[in-house]
Peer 1: 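Below is the structure I would like to discuss, written out as structure tokens.
Chain letters run A, B, ... following the sequence lines, proteins first, then strands; residues in each count from 1.
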Amino acid sequence: MENQLIVYNSLTRKKEVFKPMVEGHVGMYVCGPTVYSDVHLGNCMTFVAFDVIYRYLKYLGYKVRYVRNITDVGHLEGDSDIGAEDKISKKARLERLEPMEVVQHYTNGFHKMMQTFNTLSPSIEPRATGHIIEQIDMVQQILDNGFAYEQNGSVYFDTLKFAKAHKNYGQLSGRVIDDLMVETRDDLKNQNEKRHPSDFAIWIKADPEHLMRWESPWSIGFPGWHLECSAMSTKYLGKTFDIHGGGNDLKFPHHENEIAQNVGCCNSAPANYWLHTNMLLMNGKKMSKSDGNSITPQQLFSGDSEHITKGYSPMVNRFFMLQSHYRSTLDLTDAALQAAEKGYRRLMEANKVLQAMQHPGNEASNDLDKEINTLIQEAHDKMNDDFNAPNALAKLFELVNKINGLHDKHLSFNDITTSTLDALKKCFHDFIFDIFGLLEENAGSNGNGTLDGLMQLIIDIRKDARDNKNWATSDKIRDTLKELDIQLKDGKEGTSWVKK
RNA sequence: GGUCGCGUGGCCGAGUGGCUAGGCAGUGGUCUGCAAAACCAUGUACAGCGGUUCGAAUCCGCUCGCGACCUCCA
């Protein structure tokens with residue numbers, strides 16, 4: 001396989017060779033959360049997927065500017081983009097808080113969860129409310145270019161006019177313009193300020209009781225959803241940049257309208273490559289904030305949910321997500337999580353064994369040596385093929401077999417070279433920690449000297465008991481520790497332990 | 001109704017024309033005081049029907065089932 005990076009571009013629906021605009025640099029914008037409620041697991045999956053993409057781009061040596069926004073104004077309740085309440089504003093009113101208190105609370109929670117999942121921070125995390133001026137400028141520019149009109153203090157994007165001037169409105173989401181012009185859903189009628197049903201608000205005049213409001217040339221109001229991403233991506237990445245990402249439920253209308261705004265404002269398409277993650281399912285249905293079919297990460301960690309039998313740690317979840325491709329749906333089930341938990345431990349254990357290995361000398365490059373090097377190469381090839389983490393992971397597991405074989409001595413170090421062993425160590429380290437972003441979370445020895453000392457004492461006592469064939473005592477130690485979620489592992493070179 | 005996508009062995013999940021994906025579970029074995037852990041071995045899988053082809057899970061058509069989007073969502 002080739003060494004170049006291939007990505008699937010939602011815009012063309014094809015895999016394409018990735019070529020950044022500026023050699024060695026990548027600009028990537030990913031739509032972040034609207035902070036009006038706790039982040040749910042589906043959101044986390046998307047951000048983990050882009051975290052792996054970000055990490056892999058960096059691993060390849062690109063200098064990446066990763067921008068992920070916080071939407072803290074403009075996102076409206078309900079199906080309409082007029083006559084409805086801003087999500088943040090509503091939450092603030094209901095809980096008698098300042099809107100910014102709501103925003104701060106859920107932003108903090110989001111950050112904490114991203115940290116728990118060990119995602120890297122974006123390079124810039126701009127907020128919609130911090131970019132009102134940029135958004136007003138953009139509205140003005142779109143008006144000046146004739147692709148928007150004002151109506152009673154609100155400003156609407158003129159999709160019909162835009163579609164006539166730019167043939168590709170609807171390209172990303174596969175919409176046909178004529179269909180968009182005909183309103184099909186009964187509950188969306190009577191939006192009489194708009195000229196066409198497909199038009200959307202880019203500036204919204206605030207009702208008197210609306211809490212979030214800013215001065216503008218048209219009214220005291222607030223910016224429409226979609227606009228913040230156009231304005232902030234332009235500000236930090238330029239009129240055109242390399243990668244734009246998000247969940248595929250954002251394709252329409254959000255991303256389609258984002259493109260329209262950027263083109264309508266600056267006459268250039270925002271991103272060369274559009275990457276969309278697929279949805280996390282639970283019980284075969286989309287995990288969704290709005291219809292309640294969702295589980296929070298906290299519930300998943302604690303096991304406090306009717307959908308699961310026990311808790312699963314953040315890294316088990318991350319591993320679970322890595323096992324499916326970012327463009328595929330993933331169905332969350334208890335059995336699948338249990339399988340992921342065991343798989344994760346197997347991988348991490350093998351890595352520990354590997355990193356402790358010393359080549360005894362007597363090196364040679366035999367079939368095993370070639371096999372290992374081929375697998376290492378294949379793992380990279382898989383990542384180069386549209387970030388195929390599950391396939392790369394499969395290659396790693398094939399290498400786990402080799403590692404265990406060497407450890408178990410039915411494969412011989414005499415068949416591999418020291419440089420191959422080193423390459424294998426580097427491969428595992430790079431993939432597990434740098435690319436997949438996994439952490440060692442249940443290490444037996446984790447720098448806790450007291451615990452290590454105590455465990456060593458217990459293991460010694462049990463060894464004495466066993467040497468004296470005092471099975472009652474040795475089994476009591478083993479079984480009691482097991483109840484405390486500490487597993488003893490009797491191996492050829494003595495006993496080790498691991499906390500589950 | 002429109003647009004798009006999916007259907008892979010007990011479960012999860014890659015694969016897009018010929019070559020064992022992988023994980024988990026199961027089964028047999030090695031190890032063990034017995035276990036656990038670990039290791040080894042082990043699977044007539046590709047929704048159905050038709051077509052193209054020397055060859056189809058993979059391409060085409062139809063049927064059935066499921067899902068997403070169609071101005072709330074990652």
Side-chain angles (χ1 to χ4, degrees), chain A residues 13 30-34 37 39-47 49-50 75-82 84 87 170 173-176 179-180 182-185 188 191 197-201 225-226 245-254 256-257 276-281 284-291 294 319-320 323-325 327-347 349-350 353 382 388-398 400-401 404-405 407-410 466 469 471 474-475 478-479 482 487-492 496 498:
Chain A
R13 295 157 201 262
V30 172
C31 287
T34 301
S37 68
V39 63
H40 76 74
L41 199 67
N43 299 81
C44 294
M45 184 174 86
T46 289
F47 299 128
F50 281 106
H75 208 153
L76 300 181
E77 272 301 319
D79 287 338
S80 166
D81 59 3
I82 53 166
K87 286 186 180 222
S173 55
R175 289 313 117 142
V176 180
D179 293 349
L180 289 172
V182 181
E183 189 51 68
T184 50
R185 283 175 54 168
L188 295 175
Q191 298 185 28
S198 56
D199 291 351
F200 56 92
W225 185 40
H226 320 309
N248 79 12
D249 52 354
L250 294 181
K251 263 189 198 167
F252 191 88
H254 184 60
E256 200 67 75
N257 290 345
H276 287 97
T277 56
N278 217 317
M279 297 293 103
L280 180 64
L281 310 182
K285 296 264 188 200
K286 177 182 173 183
M287 191 175 281
S288 165
K289 260 190 220 187
S290 51
D291 64 17
S294 73
F319 181 90
F320 174 62
Q323 278 187 303
S324 92
H325 189 259
R327 282 191 289 116
S328 300
T329 53
L330 175 61
D331 200 356
L332 182 97
T333 61
D334 193 60
L337 285 166
Q338 282 191 26
E341 182 170 63
K342 297 204 173 170
Y344 164 70
R345 292 207 173 125
R346 183 167 143 87
L347 181 69
E349 280 300 304
V353 167
K382 296 300 181 187
N388 198 326
N391 246 327
L393 196 56
K395 295 297 168 191
L396 254 47
F397 272 106
E398 291 188 51
V400 166
N401 267 328
N404 286 331
H407 183 61
D408 237 46
K409 302 195 170 38
H410 69 267
R466 294 181 75 201
K469 296 198 193 307
W471 308 130
S474 71
D475 289 356
R478 180 222 280 161
D479 297 341
K482 189 162 187 224
Q487 179 173 43
L488 293 180
K489 297 157 86 164
D490 295 326
K492 287 216 166 58
S496 61
V498 60

Peer 1: Separation of A:K382 atom NZ from B:rG13 atom C1', in whole Å?
Peer 2: 14 Å

Peer 1: Going by purine N1 to pyrimidine N3 plus the second Watson-Crick contact, or the G-U wobble pair, all under 3.5 Å, which nucleotide sits opposite B:rC69?
Peer 2: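 WC or wobble partner is B:rG2.
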
Peer 1: Give, for atom NE2 of A:H276 and atom CG of A:L250, the distance between the pair rounded to the nearest 0.5 Å.
Peer 2: 7.0 Å

Peer 1: Of the nucleotides B:rA68, B:rA35, B:rA74, which one has an atom closest to the side chain of A:N248?
Peer 2: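 The listed nucleotide nearest to A:N248's side chain is B:rA68.
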
Peer 1: Measure the CZ-CG distance between A:F320 and A:L280 for me, rounded to the nearest 0.5 Å.
Peer 2: 6.5 Å

Peer 1: Using 30° and 60° as the class boundaries, would you call the ring planes of A:H226 and A:H254 parallel, tilted or perpendicular?
Peer 2: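 Rings of A:H226 and A:H254: tilted, 30 to 60°.
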
Peer 1: Taking the basic N atoms (NZ, or NE/NH1/NH2) and the acidic carboxylate oxygens, is any pair closer than 4.0 Å for A:K482 and A:D479?
Peer 2: no

Peer 1: Expressed as a whole number of angstroms, how long is the span from A:L396:CG to B:rA14:C1'?
Peer 2: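 These atoms are roughly 15 Å apart.
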
Peer 1: Which one is paired to B:rC49, where only Watson-Crick or G-U wobble pairs with both distances under 3.5 angstrom count?
Peer 2: B:rG61

Peer 1: Would you mind telling me which of B:rG33, B:rC40, B:rA74 lies closest to the side-chain atoms of A:S474?
Peer 2: B:rG33

Peer 1: Checking all strands, does A:R478 fall into the base, sugar-phosphate, or nothing category for heavy-atom contacts under 4.0 angstrom?
Peer 2: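 The answer is base, as A:R478 lies within the cut-off (heavy atoms under 4.0 Å) of a base atom.
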
Peer 1: Can A:V400 and A:R346 be said to form a side-chain contact (heavy atoms from CB on, under 4.5 Å), step by step?
Peer 2: CA-CA 8 Å; A:V400 166; A:R346 183 167 143 87; 4.1 Å; yes

Peer 1: Determine: side-chain N/O of A:K286 to OP1/OP2 of B:rC69, distance under 4.0 Å, yes or no.
Peer 2: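 It does, given that an N or O in the side chain of A:K286 lies less than 4.0 Å from OP1 or OP2 of B:rC69.
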
Peer 1: What's the separation between atom CG in A:N391 and atom CG in A:L396, rounded to the nearest 0.5 Å?
Peer 2: 11.5 Å

Peer 1: Can you figure out which of B:rA74, B:rC12, B:rG13 approaches the side chain of A:S324 most closely?
Peer 2: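 Nucleotide nearest to A:S324's side chain: B:rG13.
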
Peer 1: With sugar-phosphate meaning primed atoms plus P, OP1 and OP2, does A:L337 contact a base, only sugar-phosphate, or nothing at under 4.0 Å between heavy atoms?
Peer 2: nothing

Peer 1: Would you indicate which nucleotide in B:rA74, B:rA38, B:rG33 comes nearest to any side-chain atom of A:D408?
Peer 2: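 Within the option list, the nearest is B:rA38.
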
Peer 1: Between A:N391 and B:rA14, is there a contact of a side-chain N or O with OP1 or OP2 at under 4.0 Å?
Peer 2: no

Peer 1: Could you go step by step and tell me if A:M45 and A:T277 meet the side-chain contact (heavy atoms from CB on, under 4.5 Å) rule?
Peer 2: CA-CA 9 Å; A:M45 184 174 86; A:T277 56; 5.8 Å; no

Peer 1: Please report the distance, rounded to the nearest Å, between CD in A:Q487 and C1' in B:rA38.
Peer 2: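 Between C1' of B:rA38 and CD of A:Q487: 10 Å.
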
Peer 1: Starting from P on B:rG5, measure out to CG on A:L281 and report it in whole angstrom.
Peer 2: 17 Å

Peer 1: Give one of base, sugar-phosphate or nothing for A:H407, where a contact means two heavy atoms less than 4.0 Å apart.
Peer 2: nothing

Peer 1: Quiz question: going by heavy-atom distance under 3.5 Å, is there a donor-acceptor pair between the base of B:rG67 and the side chain of A:N278?
Peer 2: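 When only heavy-atom distances are counted, A:N278 does not reach the base of B:rG67 through any donor-acceptor pair under 3.5 Å.
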
Peer 1: Do A:E256 side-chain atoms and A:S173 backbone N/O form a donor-acceptor pair below 3.5 Å?
Peer 2: yes

Peer 1: Hunt down the Watson-Crick or G-U wobble partner of B:rU30, both distances under 3.5 Å, from any strand shown, or write none.
Peer 2: B:rA38

Peer 1: Give me the distance, rounded to whole Å, that separates B:rG43 from B:rG22 when you measure between the P atoms they each carry.
Peer 2: 12 Å

Peer 1: Taking the side chain of A:D475 as heavy atoms from C-beta outward, which of B:rC12, B:rC69, B:rC34 is closest to it?
Peer 2: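 Given the options B:rC12, B:rC69, B:rC34, the side chain of A:D475 is closest to B:rC34.
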
Peer 1: Using the 3.5 Å cut-off, write out each protein N or O paired with an N or O of nucleotides 22-26 of chain B and the distance between them.
Peer 2:
from: B:rG23; atom 1: OP1; to: A:R346; atom 2: NH2; distance (Å): 3.4
from: B:rA25; atom 1: OP1; to: A:K342; atom 2: NZ; distance (Å): 2.7

Peer 1: Hey, does the side-chain of A:D490 have a donor or acceptor N/O within less than 3.5 Å of a partner on the base of B:rA36?
Peer 2: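 Looking at the base of B:rA36, it does not pair with any donor or acceptor on the side chain of A:D490 (distance under 3.5 Å).
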
Peer 1: Starting from P on B:rU32, measure out to NZ on A:K489 and report it in whole angstrom.
Peer 2: 18 Å

Peer 1: Please lay out, stage by stage, how A:N278 and A:L330 fare under the test side-chain contact (heavy atoms from CB on, under 4.5 Å).
Peer 2: CA-CA 8 Å; A:N278 217 317; A:L330 175 61; over 6 Å; no

Peer 1: Taking the C1' atom in each of B:rC59 and B:rG15, what is the distance between them to the nearest angstrom?
Peer 2: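 About 15 Å, rounded to a whole number of Å.
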
Peer 1: Counting only side-chain N and O atoms of A:S328, is one of them less than 4.0 Å from OP1 or OP2 of B:rA14?
Peer 2: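 For B:rA14, OP1/OP2 do have a side-chain N/O of A:S328 under 4.0 Å.
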
Peer 1: Could you please name the partner base of B:rG10, counting Watson-Crick and G-U wobble pairs only when both distances are under 3.5 Å?
Peer 2: B:rC24

